[in-house]
Amino acid sequence: MTLKVHNTLTRDKEEFIPLDPPKVGMYVCGITPYDETHLGHGRAYVTFDVIRRYLEYSGFEVTHVQNVTDIDDKIIKKSREFRVTSHELAEKYTQSYFEVMDKLNVKRATIYPKATEHIEEMVGWIDGLIKKGFAYQLEDGVYFEVDKFEDYGKLSGKRKEDQESGARVEVKSGKKSPLDFSLWKKAKEEEPSWPSPWGEGRPGWHIECSVMSTKYLGEQFDIHGGGLDLEFPHHENETAQTEAFTGKVPWVKYWIHNGFVNVNRQKMSKSLGNFFTLKDVFEQFDPMVVRLFLLSTHYRSPINYSDVELSAAKEAYGRIVKFIEDIDFRLKKTTERASEIELEDIEEELGHFPDKLKASMDDDFNTAGAVGAIFEAIKFCRKTLGDGDVERECLETMKKTIIEMCEVLGLKVASRESRVTSHEIEKLIKEREAARKNRDFKRADDIRKQLAGQMIELEDTPHGTKWKAQA
RNA sequence: GGCGCGGUACCCAAGUGGUAAGGGAGCUGUCUGCAAAACAGUUAUGCGGCGGUUCGAAUCCGCCCCGCGCCUCCA
């Protein structure tokens with residue numbers, strides 16, 4: 001089985017062959033920390049987290065670099081509002097980002113380089129670009145001259161000529177072409193700034209990614225990713241300035257872009273103001289429910305946020321968790337090695353499901369298909385369990401199989417905890433079991449009600465009474 | 001104006017030439033002191049519409065309708 005990846009550059013699914021196997025260099029465009037992390041960010045970083053996890057699962061050694069744009073116009077504006085330094089503001093929201101990403105079980109990148117810590121290298125690049133004739137200076141800063149770079153537009157498929165007559169192209173006097181973009185911005189009054197040959201200022205947005213990605217991954221590397229909205233102009237501009245500077249083509253072998261989160265069929269975005277922060281979403285839904293929700297649609301398709309869909313994900317996730325809880329319960333109760341059904345009877349069939357998961361993931365990280373495989377596996381196990389007494393090894397293998405499948409997708413399936421001590425509950429359950437034996441159903445139901453008041457649900461099974469905290 | 005993505009059941013969503021995964025919701029049944037869970041059956045002779053290619057199409061081609069995105073900061 002070979003891994004296939006959709007490459008934005010070629011607009012085609014290609015076999016994934018890294019430049020220097022088994023090493024894989026992956027750069028993901030990170031956040032600009034000026035506000036709380038929202039669901040759209042969640043989708044992007046869960047997408048690349050799954051990609052990274054699957055690459056590692058497939059035997060690759062991934063170096064994952066993700067930048068932090070800790071200086072830009074929005075940060076400056078907001079830090080003034082809050083009367084803090086831009087550094088303090090960026091720090092605050094960067095920490096907040098890590099908090100919610102940890103909850104989503106997004107693995108930490110290998111390194112999170114910050115723009116402000118690479119200013120000198122960026123100045124070096126800009127200087128080089130001017131010397132090579134790809135950039136020019138105006139009174140307010142330095143610009144990249146798009147017309148000097150022949151391949152401009154190859155990533156996004158946009159032709160320079162088409163853009164210039166378009167309705168939404170920036171109008172700014174002085175630039176040789178409306179598409180020329182800023183490499184260095186001279187500081188206005190009281191803006192944070194760094195020294196440069198072109199005066200005090202700060203770097204343009206795109207240059208940091210070129211500089212930091214190549215610094216940590218080399219002048220050419222395997223994967224560069226980000227949200228679909230970054231494809232143009234951000235990634236197009238990065239490509240232009242990087243290939244112009246290094247002369248090495250292609251800079252990036254595989255470009256991967258994730259689709260948006262929509263609300264009412266419209267893109268969730270800061271400018272539309274229709275975004276949900278992850279912190280707020282977590283008030284209502286468990287982070288793993290959110291993760292499952294995000295994984296149930298292919299990463300390149302739009303996904304619609306709604307309570308109905310999150311609730312469906314909550315039920316679905318509950319099914320996985322309950323399966324593991326039920327297995328744990330049976331394991332506790334299974335003392336002898338009853339062997340109506342033995343491991344060897346089911347091993348082959350059970351193995352089919354992880355294979356299906358791999359096949360889905362190999363096909364451009366089809367997480368929706370992979371999730372389907374998990375549920376099919378659970379259904380198979382449930383059915384098998386219903387057919388008779390099962391060997392301990394069977395139960396253990398089933399549990400292991402499901403948990404491993406979930407782990408590939410970064411889904412944690414921890415049992416639900418209770419606020420009440422289990423000792424108290426077990427005591428009441430024993431009392432209730434005795435009452436049921438004596439057909440004192442009044443007492444039995446009273447105990448059920450009493451525990452329900454403490455958010456404890458009871459479930460009578462052929463193997464005894466099971467309890468769980470209500471979700 | 002240019003470029004691109006998508007339309008699969010009541011809802012969400014895989015499937016890109018071989019006869020419609022999975023989840024949610026509903027209904028029916030089995031089981032059960034009750035409750036729940038679980039399992040089984042069920043809800044698309046059909047995948048936006050109309051043509052075409054093919055032994056065979058949700059999948060390929062053409063036209064049309066509808067929704068969305070990028071071209072401005074954005075994951």
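For the numbers below, each heavy atom of this structure counts, side chains included, while hydrogens, waters and symmetry mates do not. Please read these numbers as outputs of a predicted model, since none were measured by experiment.
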**Message:** Between B:rG56 and B:rC70, how far apart are the two P atoms, rounded to whole Å?
**Reply:** 42 Å
**Approximate separation, where rounding is to 0.5 Å, of A:I378 CD1 and A:R319 CZ** = 6.5 Å
**Asked** Rounded to whole angstrom units, what separation is found between the CZ atom of A:R319 and the C1' atom of B:rC12?
**Response** 16 Å
**Message:** Under 3.5 Å, is there any donor-acceptor pair linking the side chain of A:K267 to the base of B:rC68?
**Reply:** no
**Request:** Taking atom P in both B:rG52 and B:rC11, compute the distance separating them and give it to the nearest angstrom.
**Result:** 30 Å
**Asked** Any donor-acceptor pair under 3.5 Å between the side chain of A:R436 and the base of B:rG33?
**Response** yes
**Request:** With heavy atoms under 4.0 Å as the rule, sort A:G259 into base, sugar-phosphate or nothing.
**Result:** base
**Request:** For B:rU8 versus B:rU59, give the span between their C1' atoms, rounded off to a whole number of Å.
**Result:** 11 Å
**Request:** Calculate the interatomic distance between A:D73 atom CG and B:rC73 atom P; express it in whole Å.
**Result:** 10 Å
**Request:** For B:rC61 and B:rG2, measure between their C1' atoms and round to the nearest Å.
**Result:** 25 Å
**Prompt:** Which part of the nucleic acid does A:D460 contact within heavy-atom distance under 4.0 Å: base, sugar-phosphate only, or nothing?
**Reply:** base
**Spacing between A:H235 atom NE2 and B:rC73 atom C1', to the nearest angstrom** = 14 Å
**Item:** B:rG67 pairs with, by Watson-Crick or G-U criteria that keep both distances under 3.5 Å
**Value:** B:rC5
**Prompt:** Among A:F98, A:Y45, A:Y216, which residue meets the ring-ring contact (aromatic ring centres under 6.0 Å, His included) test with A:Y112?
**Reply:** A:F98
**Message:** So A:S156, base contact, sugar-phosphate only, or nothing? Heavy-atom distance under 4.0 Å.
**Reply:** sugar-phosphate
**Item:** A:R159 CZ to B:rG4 P, straight-line distance once rounded to whole Å
**Value:** 11 Å
**Item:** Nearest-nucleotide pick for A:L230, side chain only, options being B:rC71, B:rA75, B:rG15
**Value:** B:rA75
**Request:** Indicate yes or no: at least one non-hydrogen side-chain atom of A:F285 is less than 4.5 angstrom from one of A:D307.
**Result:** yes
**Request:** Taking atom types as modelled, find out whether A:H234 and A:E238 have a side-chain donor-acceptor pair closer than 3.5 angstrom.
**Result:** yes
**Prompt:** How is A:V261 classified with respect to the nucleic acid when contacts are heavy atoms under 4.0 Å: base, sugar-phosphate, or nothing?
**Reply:** base
**Item:** A:E14-A:T10 side chain donor-acceptor pair, cut-off 3.5 Å
**Value:** yes
**Asked** The side chain of A:R382 lies closest to which of these nucleotides: B:rC39, B:rG22, B:rA13?
**Response** B:rC39
**Sugar-phosphate, base or nothing in reach of A:L39, heavy atoms under 4.0 Å** = nothing
**Asked** Is A:K114 salt-bridged to A:E91, cutoff N-O under 4.0 Å?
**Response** yes
**Item:** Minimum-distance nucleotide to A:A444 side chain [options: B:rG33, B:rA40, B:rG69]
**Value:** B:rG33
**Prompt:** When all nucleic acid strands are considered with a 4.0 Å heavy-atom cut-off, which category describes A:H38: base, sugar-phosphate, or nothing?
**Reply:** base
**Request:** Under 4.0 Å between any heavy atoms, over every strand shown, what does A:N366 touch: base, sugar-phosphate, or nothing? Just pick one.
**Result:** sugar-phosphate
**Prompt:** Considering only B:rG15, B:rG22, B:rA25, which nucleotide approaches the side chain of A:E315 most closely?
**Reply:** B:rA25
**Request:** Describe the nucleic acid contact of A:G157 in one word from base, sugar-phosphate, nothing, applying a heavy-atom distance below 4.0 Å.
**Result:** sugar-phosphate
**Request:** Calculate the interatomic distance between A:D362 atom CG and B:rU16 atom P; express it in whole Å.
**Result:** 14 Å
**Fill in**
Considering only heavy side-chain atoms of A:E376, the closest of B:rC71, B:rA21, B:rG33 is B:rA21
**Prompt:** Roughly how far apart, to the nearest Å, are B:rU32 and B:rU16 at atom P?
**Reply:** 44 Å
**Prompt:** Can a donor-acceptor pair be found between the side chains of A:S86 and A:S79 at a distance below 3.5 Å?
**Reply:** no
**Message:** Between A:N67 and A:E208, is there a side-chain donor-acceptor contact under 3.5 Å, judged purely by atom types and distance?
**Reply:** yes
**Asked** Between A:H298 (NE2) and B:rA21 (C1'), how many Å, whole number?
**Response** 16 Å
**Asked** Under 4.0 angstrom, heavy atoms only, what part of the nucleic acid is A:S269 near: base, sugar-phosphate, or nothing?
**Response** base
**Prompt:** A:N366 and A:Y299: side-chain donor and acceptor closer than 3.5 Å?
**Reply:** no
**Fill in**
As its Watson-Crick or G-U partner within any shown strand, both distances under 3.5 Å, B:rA13 has none
**Item:** G-U wobble or Watson-Crick pairing nucleotide for B:rA58 (cut-off 3.5 Å, both distances)
**Value:** none
**Residue mapping more 5' on RNA chain B - nearest nucleotide basis, A:R300 or A:T461** = A:R300
**Prompt:** Rounded to whole angstrom units, what separation is found between the CD1 atom of A:I374 and the P atom of B:rG24?
**Reply:** 14 Å
**Item:** From CZ (A:R52) to CD (A:Q66), nearest 0.5 Å
**Value:** 10.0 Å
**Complete:** Ranking B:rC73, B:rG22, B:rG69 by distance to the side chain of A:K74, first place goes to B:rC73
**Prompt:** Do A:E36 and A:S96 meet the criterion of a side-chain donor-acceptor pair at a distance under 3.5 Å?
**Reply:** yes
**Asked** Which part of the nucleic acid, if any, lies within reach of A:K356 when heavy atoms closer than 4.0 Å are counted: base, sugar-phosphate only, or nothing?
**Response** sugar-phosphate
**Message:** What's A:F293 touching, base or sugar-phosphate or nothing? Going by heavy atoms closer than 4.0 Å.
**Reply:** nothing
**Request:** Mark this stacking check for A:F441 against B:rG33 as yes or no, applying ring centres under 5.5 Å and ring planes under 30°.
**Result:** yes
**Fill in**
Taking B:rG4, B:rA75, B:rG2 as options, the one with an atom nearest any side-chain atom of A:R11 is B:rG4
**Prompt:** Between the base of B:rG69 and the side chain of A:N262, is there any donor-acceptor pair under 3.5 Å?
**Reply:** no
**Request:** Inspect the contact between A:D326 and A:K322 and indicate whether a charged nitrogen and a carboxylate oxygen are less than 4.0 angstrom apart.
**Result:** yes
**Request:** For B:rG48 and B:rA9, measure between their P atoms and round to the nearest Å.
**Result:** 8 Å
**Complete:** Per atom distances to the A:P233 side chain, the nearest of B:rC73, B:rA75, B:rC34 is B:rC73
**Asked** What interatomic distance, in whole Å, is found between P of B:rA35 and the corresponding atom of B:rG69?
**Response** 49 Å
**Request:** Could you give the distance separating B:rA44 and B:rA21 at their P atoms, to the nearest angstrom?
**Result:** 13 Å
**Fill in**
Result for 5'-nearest mapping on RNA chain B, choosing between A:I378 and A:A44, is A:I378
**Prompt:** What is the distance from CD of A:E231 to P of B:rC68, rounded to the nearest Å?
**Reply:** 20 Å
Using a cutoff of under 3.5 Å, can you pull out all pairs of nitrogen or oxygen atoms linking the protein to nucleotides 9-11 of chain B, with atom names and distances?
none

**Prompt:** Does B:rU30 pair with anything, Watson-Crick or G-U wobble, both distances under 3.5 Å, and if so, with which nucleotide?
**Reply:** B:rA38
**Prompt:** Do A:R448 and B:rC34 share a donor-acceptor pair, side chain to base, under 3.5 Å?
**Reply:** yes
